[in-house]
Amino acid sequence: MVRLQADAPEQYAALFAKHEHRKGLPDLEGSEHGVVMRFAPNPSGPLHIGHARAAALNDAYVKQYGGRYILRIEDTDPKRVDPDAYEMVKEDIAWLGLGITETVTQSDRLPLYYDLCRQLIERGGVYVCTCDNEHFKELKQAKVACPCRDQPVETGLALWEKMLTHGFAEGEVTVRVKTDLQHPDPAMRDFPIFRILDAPLHPKKADAFVYPLMNFSVVADDHLLGVTHVIRGKDHIANTRRQRYIYDHFGWKVPVYRHYGRMGIEGVVLSTSQMRRGIDDGVYSGWDDIRLGTLRALARRGISPEAVKNAMLAIGIGDTDISFSWDNLFAENKKLVDPVANRYFFVPDPVTATITGAPHHVAHAQLHPGDAARGVRTLTFSGSVLLPGAELRPDVTMVRLKDLFNVSLAWDGATPSFTYAGDWLADARAAKAHIIQWLPAQESVPCTVLTPDGEMTGACEPAVRSELGRVVQFERVGFVKIDAVSENRIRAYFTHT
RNA sequence: GCUGCUAUAGUGUAGUCCGGCCAAUCAUGCGGGCCUUUCACGCCCGCGACUGGGGUUCGAAUCCCCAUAGCAGCACCA
């Protein structure tokens, strides 16, 4: 091996390159001339952490290879459309910072789908099936063609025309793709691509009643929009197989597909219907309630969009089922937030302490320990302070108030008395005293820190009021997002430690 | 049940295609230490995995077979 290194350094290097940790996403075949990819949510509610994976992965590949990134709103099922969701999805995508280059909405494109369906009838690739649904299922299970399958093209076109002019009621007719009735997977056999829906009315297209099914509109749009690569969950593997039949009937080029595995997410509610019910019942405060897994809830908790994207990219496109790790997300977020978050004192469960023998003193505490240029907060000591109750236990005889001075504790039973014990940090170190946060008794604002499973009450520096909407670090507590500020109260959400 | 996919430390991930560098990568987590006027950040050390069983081979995380487990789909949803 040593000789190889000497005789053929390139070969030697190549051998070892293989074992370096590969960074970034795996290459996509056929990406030499750029890519066209899409993110295709269903507008049934706001985006959640599960959507973020597809959104971030596609986004990253478009950035890597160059090309177009299409946002396609898939609203072809009026039952699953929430009119408010169009706007929410738009907001969520803006928050995530995706490089979307164009947006299309499928309900605007129904005529396109109708036209392509007619072409497919003419090609003999599909047929208009008027069989009873249950009956068709039986035939399908038995691998037997239904009578409609052999209809002449003219009949198919006539029935299609009758569909479009509302000559059928809901449930009476469906357009089916000719696949392979002998296919071992019944899910592949002559699946439907159009149906009639009389109710509910589509919130954006009240006059529509012939709707394409997802397997058709997706193929039509992927082709029409020039989509080259599709990255989506493995729940679509069967759909990919089905969609191939449509591509074949048209003679179209099939995009490159990658299907990533299922991502289990614990600790938050993700089901749109469950979230909506909870909001309606008043269990949740809204779509951004921090117990939910929506992107807006993460934003409210102080998670940055970059952290979300980074966490998703680290997970990648593997087809293994995985469980999403909040720890990893928090770690990504901490990397981003630690350098920029200002530091403040928050005293949980405050106890008022009057310190005898202490001179008046003005403390200057750095806004950020790594960046002196940011300046300091000024805290004036004039006799009484608020201290964290948890630090005052009968075995504690000395504490150091951070950036101030040392205090010794004398215990009369369970009641402590506090005495000034000098300014020297070295004394506190020698006594192994905790260096704790404190607040001037006269200069503090009541503050509540909400966590997904409870709340901490206490007080914080008045200056925190100026940090509304930002993430700060409450020293010795953790990072929090300042959510609401009023004259006499501050509310914050706990982000992570 | 049928059809398919997958299986590396607590979690995520690299390596698997084209067997030897793998006594297995990186991150996170956890434990310990250093640094530090935060239980943060940074630095150092440590813990911890190739699902099981056969086979092929001089040699298997990597190839083959079987088993097991998990997941997906089997809608006039997306």
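Small disclaimer: the values here were computed from a predicted structure and weren't measured. Order of the sequence lines sets the chain letters (A, B, ...), proteins ahead of strands, with each chain counted from 1.
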Q. Is any side-chain N of the basic residue among A:Lys143 and A:Glu138 closer than 4.0 Å to the acidic one's carboxylate O?
A. no
Which donor-acceptor pairs under 3.5 Å do the side chains of residues 423-432 of chain A make with protein atoms, sequence neighbours left out?
residue  : atom : partner  : partner atom : Å
A:Asp423 : OD1  : A:Tyr420 : OH           : 2.7

Q) Using the C1' atom in both, what is the distance from B:rU51 to B:rA61, to the nearest Å? A) 12 Å
Q. On a whole-Å scale, what distance lies between the P atoms belonging to B:rA23 and B:rA60?
A. 10 Å
Answer with base, sugar-phosphate or nothing: what part of the nucleic acid does [X] contact at a heavy-atom distance below 4.0 Å?
| X | result |
| --- | --- |
| A:Thr320 | sugar-phosphate |
| A:Lys79 | nothing |
| A:Arg343 | base |
| A:Arg80 | base |

Q) Does A:Lys162 count as lying over the ring of A:Phe168, i.e. NZ or CZ under 6.0 Å from the six-ring centre, within 45 degrees of the axis? A) yes
Q.
Quick check on RNA chain B: between A:Ala314 and A:Ile436, whose nearest nucleotide comes earlier from the 5' end?
A. A:Ala314
Q. Ignoring hydrogens and angles, does a donor from either the side chain of A:Gln437 or the base of B:rC39 sit under 3.5 Å from an acceptor on the other?
A. no
Q) Taking only residues two or more places apart in sequence or in another chain, which ones pass side chain to side chain contact (heavy atoms under 4.5 Å, CB included) with A:Arg244? A) A:Thr240, A:Val254, A:Tyr257
